[in-house]
Amino acid sequence: MALKQISSNKCFEGFQKVFEHDSAELKCKMKFGIYLPPKAESGKCPVLYWLSGLTCTEQNFITKAAYHQAASELGIIVVAPDTSPRGCNIDGEEESWDFGTGAGFYVNATEDPWKTNYRMYSYIVEELPQLINGNFSTDPDRISIFGHSMGGHGALICALKNPGKYKSVSAFAPICNPIQCPWGQKAFGGYLGSDTGKWEAYDATHLVKTYSGSQLDILIDQGKDDQFLSAGQLLPDNFIAACTERKIPVVFRLQEGYDHSYFFITTFVNDHIRHHAKYLNA
């Protein structure tokens with residue numbers, strides 16, 4: 001599939017690039033950011049996928065997170081896609097910041113009018129990796145995934161629904177139990193319909209209860225002063241309880257004084273890159 005390069009900037013001896021392509025899953029043009037470390041010029045590199053949160057595009061992580069030095073030194077390609085289809089002209093897609101554009105929630109919608117385009121789950125798990133592996137110097141057997149907020153939810157469900165596909169998973173302030181929080185209920189109701197039984201297939205806390213795949217080492221950082229934690233949108237305690245019950249290892253770090261912003265992500269992103277490198281470079 002043809003890629004159109006939108007930008008390229010040298011960074012820590014590698015290149016931060018942005019490409020555009022026509023997505024078969026989402027039936028629209030999509031952009032993604034990709035950091036190619038210097039090692040990618042001479043050999044195949046593992047790939048780490050980053051999923052962003054509500055309202056974000058491919059730009060937020062690549063311009064704010066300051067992850068490039070660690071990715072360069074550890075020889076990891078980092079891919080940062082957009083958070084939803086764009087420009088589909090669906091009635092209502094621009095009405096609110098937590099549903100529609102910028103809020104794809106990494107599900108495959110089953111309801112009209114969303115089901116034709118809003119297939120972010122299949123885009124992230126199937127179409128995008130095929131595109132990346134087909135166009136860049138990757139090792140397709142070495143991939144991991146992480147994300148923030150809605151994207152932390154996305155990273156957790158992608159790993160839990162595909163045992164063995166991802167070597168590791170981590171998240172910053174993930175929406176851990178969307179069927180129990182206002183953001184998730186609004187998104188899932190709109191994209192997946194009123195049958196809440198169908199929602200469980202995209203809820204990390206439910207998925208972990210039946211996970212029986214290969215060992216997953218989960219790292220989660222959560223700011224203690226995150227306004228969405230206190231508002232009951234993130235619900236990490238429910239996820240940790242489910243992991244403990246299933247004896248699935250999760251390192252949960254409650255970080256004193258940190259909020260939900262990219263200042264928080266930037267502070268701990270190198271820990272996450274190193275966490276993934278442990279498995280990707282093993």
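All values below come from the heavy atoms of this structure, side chains included, with hydrogens, waters and symmetry mates left out.
- Remark: side-chain polar atoms of Trp183 are not paired, donor with acceptor, to backbone N or O of Phe99 under 3.5 angstrom.
- For Ser168 and His275, the side-chain atoms include no donor-acceptor pair closer than 3.5 Å.
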I'd like to know whether Tyr123 forms a ring pair (Phe, Tyr, Trp, His ring centres under 6.0 Å) with His21, so could you lay out the CA-CA distance, the side-chain angles of the two residues, the decisive distance to 0.1 Å, and finally the verdict.
CA-CA 12 Å; Tyr123 176 72; His21 72 104; 5.7 Å; yes
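- Paired with Phe268 under the rule ring pair (Phe, Tyr, Trp, His ring centres under 6.0 Å), one option of Phe263, Tyr258, Tyr262 passes, and it is Tyr258.
- For Lys4, the NZ atom counts as loosely surrounded, since its 6.0 Å shell holds 12 or fewer non-hydrogen atoms of other residues, nucleotides or ligands.
- A donor-acceptor pair is defined here as one N or O able to donate and one able to accept, closer than 3.5 Å; such a pair exists between the side chain of Thr83 and the backbone of Cys56.
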Steps toward side-chain contact (heavy atoms from CB on, under 4.5 Å) verdict (Asp217, Lys278)
CA-CA 11 Å; Asp217 187 352; Lys278 222 170 31 181; 4.1 Å; yes
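- When side chains are defined from C-beta on, Ile76 does not count as touching Cys45, because their heavy atoms never get closer than 4.5 Å.
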CA sep, side-chain torsions, deciding dist, call: Leu160, Val169, side-chain contact (heavy atoms from CB on, under 4.5 Å):
CA-CA 9 Å; Leu160 291 167; Val169 60; over 6 Å; no
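- Between the Tyr191 side chain and the Arg119 main chain, no donor and acceptor come within less than 3.5 Å of each other.
- A distance of 6.5 Å separates OG of Ser7 from CD of Gln59, quoted to the nearest 0.5 Å.
- Taking a 6.0 Å sphere around CD of Glu245, one finds it holds 12 or fewer heavy atoms contributed by other residues, nucleotides or ligands.
- Neither side chain, Gln130 nor Glu126, offers a donor N or O lying under 3.5 Å from an acceptor on the other.
- Heavy atoms only, all atoms of each residue included: Leu219 and Asp271 are closest at CD2-O, 4.4 Å.
- Residues Ala65 and Val269 approach most closely at O-CG1, 3.3 Å, considering heavy atoms.
- In this structure a side-chain-to-backbone donor-acceptor pair under 3.5 Å is present from Thr266 to Lys64.
- Hydrophobic clustering places Leu36 together with Val79 (ILVMFWY residues linked when any side-chain heavy atoms are closer than 4.5 Å, directly or through intermediates).
- Looking at Glu127, its side chain does come within 3.5 Å of a backbone N or O of Ala24 through a donor-acceptor pair.
- The side-chain heavy atoms of Ile248 and Val208, taken from C-beta on, include a pair separated by under 4.5 Å.
- The local environment of CD in Glu95 is sparse, with at most 12 non-hydrogen atoms from other residues, nucleotides or ligands closer than 6.0 Å.
- Side-chain atoms of Asn135 and Phe19, non-hydrogen and from C-beta on, never get closer than 4.5 Å to each other.
- Atoms CG and CD, on Leu234 and Gln222 in that order, are 5.0 Å from each other to the nearest 0.5 Å.
- Rounding to the nearest 0.5 Å places CG of Leu48 at 12.5 Å from CZ of Arg142.
- No donor-acceptor pair closer than 3.5 Å links the side chain of Asp221 to the backbone N or O of Gln255.
- Distance check, rounded to the nearest 0.5 Å: CZ of Phe264 to CG of Asp226 gives 7.5 Å.
- At a threshold of 4.5 Å between side-chain heavy atoms, the hydrophobic network of Ile, Leu, Val, Met, Phe, Trp and Tyr places Tyr121 and Phe105 in one connected group.
- Ser72 contributes no side-chain N or O that, together with a main-chain N or O of His68, makes up a donor-acceptor pair within less than 3.5 Å.
- Phe136 places none of its side-chain heavy atoms less than 4.5 Å from the side chain of Val47.
- In this structure, Pro182 and Gly232 approach most closely via the heavy-atom pair CD-O, 4.2 Å.
- The nearest pair of heavy atoms linking His276 to Ser170 is NE2-OG, 2.8 Å.
- Both Leu207 and Met150 are members of a single hydrophobic cluster when ILVMFWY side chains are connected at heavy-atom separations under 4.5 Å.
- The 12-atom threshold is not exceeded at NZ of Lys224, counting heavy atoms of other residues, nucleotides or ligands nearer than 6.0 Å.
- Ser8 and Lys17 share a donor-acceptor pair across their side chains, judged by distance under 3.5 Å alone.
- Summarising the geometry, atom NZ belonging to Lys165 is positioned 4.5 Å from atom CD1 belonging to Ile143; distances are rounded to the nearest 0.5 Å.
- In this structure, Leu54 and Trp97 have side chains that are in contact, with non-hydrogen atoms separated by less than 4.5 Å.
- Contact record, Ala80 with Ile62: CB-CG2, 4.1 Å, taken as the closest heavy-atom pair.
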Taking it one step at a time, do Asp203 and Ile157 satisfy side-chain contact (heavy atoms from CB on, under 4.5 Å)?
CA-CA 7 Å; Asp203 183 301; Ile157 66 166; over 6 Å; no
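- Looking at heavy atoms from C-beta onward, Ile220 lies out of side-chain contact with Pro236 at the 4.5 angstrom threshold.
- If you take CG on Leu3 and CD1 on Ile132, they are separated by 7.0 Å, rounding to the nearest 0.5 Å.
- The shortest distance between side-chain heavy atoms of Asn281 and Pro46 falls below 4.5 Å.
- Looking at Asn117, its side chain does come within 3.5 Å of a backbone N or O of Leu26 through a donor-acceptor pair.
- Under the 4.5 Å side-chain contact rule for hydrophobic residues, Ile240 and Leu254 share a cluster.
- Counting non-hydrogen atoms of neighbouring residues, nucleotides and ligands closer than 6.0 angstrom, the CG atom of Asp91 reaches no more than 12 such neighbours.
- Gln185 places a side-chain N or O within donor-acceptor distance of the main-chain N or O of Ile179, the cut-off being under 3.5 Å.
- With hydrogens and angles ignored, the 3.5 Å screen pairs a side-chain donor or acceptor of His148 with a backbone N or O of His260.
- Hydrophobic cluster membership differs between Leu131 and Phe15, with clusters built from Ile, Leu, Val, Met, Phe, Trp and Tyr side chains linked at under 4.5 angstrom.
- Side-chain contact between Lys161 and Val125 is absent, with no heavy-atom pair separated by less than 4.5 Å.
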Working for side-chain contact (heavy atoms from CB on, under 4.5 Å), residues Lys29 and Asp22
CA-CA 4 Å; Lys29 286 192 186 306; Asp22 289 309; 3.1 Å; yes
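- Each of Tyr166, Tyr49, Tyr279, Trp50 was scored for a ring pair (Phe, Tyr, Trp, His ring centres under 6.0 Å) with Phe146, with one residue passing: Trp50.
- The two residues Ala109 and Lys115 make their nearest non-hydrogen contact at O-CB, 3.3 Å.
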